[in-house]
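What follows is a set of notes on a single structure, which appears directly below.
FYI, side chains are in, hydrogens and waters are out, and symmetry mates aren't considered; it's all heavy atoms of this structure.
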Amino acid sequence: MINKIVFDLDGTLWKTEESYLYAYKRVKEEFGLEGLPEEEILSVVGIELSYVRDYIFGKYENADELTWRAVEYSTEYVWKYPCFCSLNLKRIFKELEEKYELYIISGCPRIYMEAFLDCSGVKEYVKKSYTLEDGNKKDILKELSKENKIVFVGDSSQDYSSISDHTKVFFCYAKYGYFSLDTYDYAISSLDEILDLMKKIEIKERMLLNQSYEVVGYKDSSLTLIYKNSKSAYFGFLSLGELSNVKEILKRVKERKINIYGPFDGNTWYSYRLAIDSFDFALYPDCAGSKEILNLFLNEGFCIYCTYSSTLAPINKRVWEHCRKNKLPKGLQIAVYQNEECYNHIEELYKISSIAFQKADFYEPISFEDFKDIYLKNIQLAHPDILMIYDKEKAIAFNFCYEDLEKRFYVCKTIAILPEYQNKSILKLLINYSYQIMEEKGYKEVLYHFQNDRTKVLDGIFKNNFIRQKKYGVLCYENQ
């Protein structure tokens, strides 16, 4: 998990234009230098000190002395006018420090950093600060990310290029800073947004269970590559903007020379696929993207690896009559849990699912906490029914159903049966009882989700007996 946040200083944590202008004015007066337009002085704001020296004072023989005096005057300004630090800064750092180790890294001298720490009031929340005297950013970031992944917040291409391993250090672009940037992992428009961003990254970390991943971003678009091994990766967590920017992302992804499957948000429990037909039909689950996005993937060499369906169909009376004849085998019991009762049986759902779906395509393990979170949301939003079959006290199968939020139809969300009990008899029992509940609630239509390529029986049943169907797919790019 991520336990460190590293911040750049100038432009990211405070604005220092006035201190630069003040410092140059004082140096100019002290040493009798020629004047420079304000825009030239401000063009070096936020840049490492060596570049400031070369650009502003490089033509003078005593450039080092002038540069150092400018630092001293800039620091003097900070002490004179400490109020130009953001009033929210201390509050933000205090809240972040409760969860993360906080670091500041800058190409400035130590006296400048100390002035910031004292005037801003954040010194007590910063575990360590690094300055010009401590070495270059690349080495420091590499050391800080040695044991855990970190988030580095900065505002320049120099900040981004200081990252040597993009699977260990994730760059958050401070858009409010001094520089324009096209390539970054995450972005914030104000420092306050870092709090919400870290919550989103925490969710991603939980989903990925410490897997190695990289954010590939360009302008308003990004996706996450989740590395499975040296030959394959999943992609997910899509943020898709203008088509030209998405195209640039796909170009960069294909350069990785690995086979790529997706989109998945970490694993199949959080999977979401690109719709490949009936884009205007609002059925669960919601699908990512649009026809234009899908076509862009296909035009860039991706193919449809497998397809799934959301199929709305009437109660199949022939199938129901066949299932109704099935008797409950000796020793087995069936229970029906509804609404709030379902809260008490989420752990049973988890245990069955974790075993039953191990051979499913793209299966990835998930923690119980995240599994619970998924189903708690369903229970809170809908009116669920859990049909559970027991062998004595052992839960061996379930069907998780609920009413459509707009009460248009009944949703058969998940059926899972332990491998040693997987037979037509158990499945028929689940279908029979779910149809009974549907009828009791007054529904005549049911929505099923299934993988077409693997569930041939269901695909055949609904081939000529459905009202509407939306197909969505997992894409693949096979890199030769």
Do E30 and Y73 have side chains that get closer than 4.5 Å, going by heavy atoms?
->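 Side chain of E30 against side chain of Y73, heavy atoms only: contact under 4.5 Å found.
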Is the shortest heavy-atom distance from the side chain of I346 to the side chain of F368 under 4.5 Å?
-> yes
Compute the ring centroids of [X] and [Y], then answer whether they are less than 6.0 Å apart.
X	Y	answer
F93	Y125	no
F357	Y363	no
Y22	W79	no

Is the backbone of V71 close enough, under 3.5 Å, to the side chain of S74 for a donor and an acceptor to pair up by distance?
->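 Answer holds: no.
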Do T12 side-chain atoms and L9 backbone N/O form a donor-acceptor pair below 3.5 Å?
-> no
Indicate yes or no: does [X] engage [Y] in a salt bridge with an N to O separation below 4.0 Å.
X	Y	value
E205	K149	yes
K372	E369	yes
E300	K254	yes

Parallel, tilted or perpendicular: which fits the ring planes of F297 and F302, with parallel below 30° and perpendicular above 60°?
->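 Judged by the thresholds at 30° and 60°, the geometry between F297 and F302 is perpendicular.
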Plane angle bin for Y173 and Y184 - parallel if under 30°, tilted between 30 and 60°, otherwise perpendicular | tilted
Which pairs count as salt bridge (charged side-chain N to carboxylate O under 4.0 Å, His left out) when at least one residue sits in residues 106-126, sequence neighbours excluded?
->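 Every salt bridge (charged side-chain N to carboxylate O under 4.0 Å, His left out) pair that includes a residue of residues 106-126, provided the two are not neighbours, is R110-E114, R110-D134, E114-K123, D118-K123.
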Pairs touching residues 152-175 that satisfy salt bridge (charged side-chain N to carboxylate O under 4.0 Å, His left out), sequence neighbours left out | K137-D159
Give the intermediate values and the outcome of side-chain hydrogen bond (donor to acceptor under 3.5 Å, both in side chains) for residues N259 and E478.
-> CA-CA 5 Å; N259 294 334; E478 296 185 348; 5.8 Å; no
Please list, chain by chain and in numerical order, all residues satisfying side-chain hydrogen bond (donor to acceptor under 3.5 Å, both in side chains) with D139, sequence neighbours excluded.
->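 Partners of D139 under the side-chain hydrogen bond (donor to acceptor under 3.5 Å, both in side chains) test: N136.
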Heavy-atom count check: over 12 atoms from other residues, nucleotides or ligands less than 6.0 Å from [X] [atom1]?
X	atom1	answer
E29	CD	yes
Y343	OH	yes
E202	CD	yes
E147	CD	no

Does any donor atom in the side chain of [X] or [Y] lie under 3.5 Å from an acceptor atom in the other side chain?
X	Y	answer
S353	Y375	no
D64	T67	no
Y410	D385	yes

Under 3.5 Å donor-acceptor pairs involving side-chain atoms of residues 221-228, not counting sequence neighbours:
from, atom 1, to, atom 2, distance (Å)
S221, OG, G241, N, 2.9
T224, OG1, K204, NZ, 2.9
Y227, OH, E214, OE1, 2.6
K228, NZ, Q211, OE1, 2.2
K228, NZ, E364, OE1, 3.2
K228, NZ, E364, OE2, 2.9

Looking at Y178, is K15 sitting on its ring face, NZ or CZ under 6.0 Å from the six-membered ring centre and within 45 degrees of the normal?
->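 Yes - K15 lies over the ring of Y178, closer than 6.0 Å to its centre and within 45° of its axis.
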Do you know the tightest heavy-atom contact between [X] and [Y]?
X	Y	value
N148	M1	ND2-O, 3.3 Å
T167	F170	O-CZ, 3.7 Å
V169	D185	O-OD2, 4.1 Å

Might you work through the side chain to side chain contact (heavy atoms under 4.5 Å, CB included) test for L141 and S164, ending with a clear yes or no?
-> CA-CA 8 Å; L141 290 172; S164 56; over 6 Å; no
Under the salt bridge (Lys or Arg N to Asp or Glu O under 4.0 Å) rule, what do K251 and E255 come out as? Steps first, then yes or no, please.
-> CA-CA 7 Å; K251 177 183 174 183; E255 292 172 352; 5.4 Å; no
Could you give me the CA-CA distance, side-chain angles and deciding distance for M207 and F237, then say whether side chain to side chain contact (heavy atoms under 4.5 Å, CB included) is met?
-> CA-CA 11 Å; M207 291 179 185; F237 301 95; 3.6 Å; yes
Can you name the salt bridge (Lys or Arg N to Asp or Glu O under 4.0 Å) partners of E72, sequence neighbours left out?
-> R69
State which residues pass ring-ring contact (aromatic ring centres under 6.0 Å, His included) with Y160; sequence neighbours excluded, sorted by chain then number.
-> H166, F171
D10 vs Y112, side-chain hydrogen bond (donor to acceptor under 3.5 Å, both in side chains): CA-CA, chis, key distance, verdict | CA-CA 11 Å; D10 286 357; Y112 185 81; 3.1 Å; yes
